[in-house]
Amino acid sequence: MSSLKVHNSYTREKELFTPITLGYVGMYVCGPTVSGESHLGHARPFITFDFIYRYLMHLNYKVRYVRNITDAGHFEEEGREAEDKISKKAVIEKLEPMELVQKYTNLFHWAMHQFNNLDPSIEPTATGHIVEQINMINTIIKDGYAYEVNGSVYFDVKKYAEKYPYGKLSGRVLDDLLETTRDLDNQDEKHNKQDFALWKAAPPEHIMRWTSPWGEGFPGWHIECSAMSKKYLGDQFDIHGGGMDLQFPHHESEIAQSTICNHKIPARYWLHNNMITINGKKMGKSYNNVIKLTELFSGSHPLLMQAYSPMTIRFFILQTHYRSTLDFSNEALQAAEKGLKRLWEAYQLLLKLDFDPAKEIDEKIEEQFYSYCREMDDFMNDDFNTAKVLANMFSLVNYINSFKSGALENATLSAECFAFVKNHFKSYVENILGLKDESGQEQDKLKGVLDLLVDIRKDARSKKDYATSDKIRKQLEQLGILMKDEKDGKVSYSFE
RNA sequence: GGCCAUGUGGCCGAAUGGUUAGGUAUAGGUCUGCAAAACCUUUCAUGGAGGUUCGAACCCUCCCGUGGCCUCCA
């Protein structure tokens with residue numbers, strides 16, 4: 001079997017993955033800023049790093065997955081004044097800042113569970129780690145790579161770049177940055193334009209504030225990730241993940257801060273997922289083109305022709321490689337919805353299939369099953385190519401369905417092969433890709449009622465009373481229950 | 001303006017030198033009282049122009065288009 005290779009943004013190459021400690025993986029992923037509701041764009045990194053987390057565990061690594069909650073506001077420098085994102089919104093909604101943070105944190109957790117994302121091992125909050133951040137800033141100041149001005153502390157990028165490769169991750173050249181950095185407010189405090197804030201002095205109206213050696217203020221955006229990853233994963237850990245848009249300045253700054261504090265680059269492998277676009281444009285708050293997750297699940301958004309379930313979204317994301325952009329459209333999501341349904345129903349059928357002594361074992365097909373399954377491991381090992389994994393699954397879906405009715409009706413597989421394939425499918429569909437049954441409502445009582453209706457309909461049909469049989473089927477269809485007459489005279493139903 | 005990506009069928013997307021995956025859609029067929037599902041078959045693509053090569057979606061050059069980052073951003 002092949003070994004896991006991952007595309008490392010830091011080197012821009014696909015590299016063999018070797019953890020620092022044999023058998024253990026430390027992974028840090030930038031989490032949400034809980035100042036608002038999550039949207040479709042946010043779903044991508046969390047689903048991406050969820051299947052990466054799941055696959056690493058599948059490879060028997062013991063993984064510590066740390067994903068932060070950014071609940072301390074950062075400045076919003078769109079207009080004139082630097083304002084705290086969270087405190088500003090809190091005034092609007094007349095809520096306590098932490099009340100707002102709690103609300104959106106809860107909503108975020110709810111959405112993550114809808115997507116069947118596993119909880120991270122640790123989910124630290126920025127506000128819970130102010131002390132660690134202050135300590136880290138102190139270390140950087142002592143080492144001479146940061147300076148204080150009017151109660152704010154800035155990182156000296158120019159000095160850092162003399163000794164370290166600043167810009168390597170994001171492909172920046174410092175001189176270019178000097179020329180292209182725009183004029184922003186409060187820039188006059190900085191020695192150089194490309195310096196970034198470690199700590200910001202809080203203006204009087206700022207609600208979220210903490211006492212620090214430099215006066216009352218709040219932490220800069222980048223320092224929280226450095227402080228929390230160090231605390232829970234150590235000076236250097238294996239994987240740092242996040243969206244591509246975080247490469248610069250966020251991750252570049254993290255590298256600079258941590259390198260000064262810990263004398264080494266914080267993570268060995270930097271993984272970045274690409275964006276979800278809508279009409280070719282990145283979905284983002286600043287573009288005013290976001291579709292919130294709650295809107296997506298309920299279909300209540302002018303751009304949506306219908307509601308899309310969390311698993312449809314998950315499948316949609318899995319169908320493309322995580323480093324490619326993914327364009328949203330109703331057409332694309334409807335295609336994903338149908339594809340997922342076919343995959344899931346074939347998977348359920350597979351679980352019911354077994355070696356049939358009355359039929360002949362088809363060795364050629366058996367070999368196909370084995371090779372398609374084994375290939376899936378190679379695909380995942382090749383930088384998590386879930387798109388190819390799914391392609392193989394659909395090749396097997398055809399075979400599986402053909403056992404029921406079609407070319408393979410008179411064929412069977414050995415008991416060993418069936419066991420292997422069932423096990424493999426279960427492991428991939430449920431454990432690695434993280435898909436789950438959404439029909440859910442198939443409770444026993446409902447099942448009993450449906451069986452009764454199937455019975456009544458059968459009687460009607462035997463009497464050629466098609467008016468009654470069609471009435472039953474039609475009305476059930478309106479309720480979202482499809483009744484299907486099988487070739488062998490049996491009747492099956494599925495939920496839309 | 002700088003840096004970096006990218007352009008594959010109706011739509012969403014795999015694939016980095018050797019029969020252009022897969023999903024969905026379209027068309028026809030099998031099955032069926034009809035329908036659905038399923039299966040089989042089928043139509044449709046590598047932005048443009050050169051170059052390298054026996055051979056290019058893939059490598060090189062130029063052009064055109066789009067996007068991302070440079071500022072909060074998944």
Side-chain angles (χ1 to χ4, degrees), chain A residues 12 29-33 35 38-49 73-78 82-83 85 167 170-173 175-177 179-184 194 221 241-250 252 272-277 280-287 290 315-316 319-321 323-343 345-346 349 379 385-395 397-402 404-409 461 464 466 469-470 473-474 477 482-487 492-494:
Chain A
R12 286 151 201 253
V29 174
C30 291
T33 300
S35 62
S38 298
H39 59 77
L40 175 60
H42 295 123
R44 186 112 194 242
F46 303 128
I47 289 173
T48 297
F49 289 99
H74 299 294
F75 5 113
E76 203 167 31
E77 291 175 306
E78 297 176 335
E83 288 176 282
K85 239 187 192 175
S170 53
R172 309 281 141 158
V173 180
D175 293 339
D176 293 344
L177 288 174
E179 288 172 19
T180 59
T181 302
R182 290 187 199 170
D183 285 330
L184 295 169
Q194 66 274 49
W221 177 34
M244 267 185 189
D245 50 351
L246 293 181
Q247 259 184 41
F248 189 88
H250 186 54
E252 199 70 70
H272 291 100
N273 64 275
N274 215 318
M275 305 290 102
I276 285 184
T277 58
K281 272 222 161 40
K282 173 186 166 186
M283 189 177 283
K285 279 175 201 159
S286 21
Y287 296 99
V290 300
F315 181 83
F316 178 60
Q319 262 190 316
T320 174
H321 189 261
R323 284 193 299 111
S324 301
T325 52
L326 173 57
D327 199 50
F328 165 89
S329 68
N330 282 286
E331 222 178 340
L333 274 182
Q334 282 163 3
E337 183 180 71
K338 287 184 183 167
L340 171 62
K341 188 166 189 273
R342 196 158 81 90
L343 175 68
E345 285 179 1
L349 173 62
F379 295 152
N385 198 327
T386 53
K388 289 190 102 175
V389 168
L390 284 173
N392 268 27
M393 280 189 181
F394 277 105
S395 301
V397 162
N398 279 355
Y399 286 131
I400 292 165
N401 284 328
S402 295
K404 191 178 177 190
S405 66
L408 301 177
E409 245 175 324
R461 289 183 74 213
K464 294 205 190 294
Y466 295 123
S469 70
D470 284 353
R473 191 174 59 196
K474 224 172 229 172
E477 196 181 335
L482 292 179
M483 201 164 260
K484 292 172 276 195
D485 294 319
E486 304 293 346
K487 216 173 163 185
S492 67
Y493 46 83
S494 67

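By convention in this document, chain letters (A, B, ...) are assigned in the order of the sequence lines, proteins followed by strands, and residues within each chain are numbered from 1. Every heavy atom of this structure was used, including side-chain atoms; hydrogens, water molecules and symmetry mates were not.
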_From CG (A/L326) to NE2 (A/H321), nearest 0.5 Å_ = 13.0 Å
_Gap between atom CZ of A/R473 and atom CG of A/D485 - 0.5 Å precision_ = 6.0 Å
*Do side-chain atoms of A/T320 reach the backbone of A/F316 as a donor and acceptor pair under 3.5 angstrom?*
no
Looking only at the side chain of [X] (C-beta and beyond, no hydrogens), which of the listed nucleotides [options] gets closest?
X      : options             : result
A/A387 : B/C34, B/A74, B/A21 : B/A21
A/K484 : B/C39, B/A36, B/A74 : B/A36
A/L326 : B/C69, B/G13, B/C40 : B/G13
A/A335 : B/C69, B/G22, B/G23 : B/G23
A/R342 : B/C39, B/C12, B/A14 : B/C39
A/D327 : B/A74, B/C69, B/C12 : B/C12
A/S469 : B/G10, B/A74, B/G33 : B/G33
A/K388 : B/C12, B/C4, B/A14  : B/A14

*asked:* If stacking means aromatic ring centre less than 5.5 angstrom from the base's six-membered ring centre, planes under 30°, is A/F394 stacked on B/G23?
replied: no
*asked:* Ignoring hydrogens and geometry beyond distance, is the side chain of A/R172 in donor-acceptor contact with the base of B/C4 at under 3.5 Å?
replied: no
_Polar pair under 3.5 Å, donor/acceptor by atom type, side chain A/R473, base B/A35_ = yes
_Go nucleotide by nucleotide along RNA chain B from the 5' end; which of A/K282 and A/K341 gets its closest nucleotide reached first?_
A/K341
_Using the salt bridge (Lys or Arg N to Asp or Glu O under 4.0 Å) definition, which of the options A/K282, A/K285, A/R44 pairs with A/D245?_
A/K282
Mind checking the [atom1] distance from [N] to [M]? Whole angstroms is fine.
N     : M     : atom1 : result
B/U6  : B/A15 : P     : 12 Å
B/U16 : B/U8  : C1'   : 13 Å
B/G18 : B/U24 : P     : 28 Å

_When you measure from the side-chain N and O atoms of A/K338 to the phosphate of B/U24, is any distance below 4.0 Å, counting only OP1 and OP2?_
no
_Taking 4.0 Å as the cut-off, does a side-chain nitrogen or oxygen of A/T320 come that near to OP1 or OP2 on B/A14?_
yes
Base, sugar-phosphate, or nothing for [X], non-hydrogen atoms under 4.0 angstrom?
X      : result
A/Y287 : sugar-phosphate
A/G41  : base
A/K474 : nothing
A/S170 : nothing
A/M275 : base

*Determine the minimum heavy-atom distance between A/A332 and A/D327, stating which atoms define it.*
CB-O, 4.2 Å
*Any strand is fair game: report the nucleotide pairing with B/A37 by Watson-Crick or G-U wobble, both distances under 3.5 Å, or none.*
none
_Suppose we define a pair by two distances each less than 3.5 Å, Watson-Crick or G-U wobble; what does B/G22 pair with here?_
B/C12
*Report yes if some heavy atom in the side chain of A/R323 is under 4.5 Å from a heavy atom in the side chain of A/N273; otherwise report no.*
no
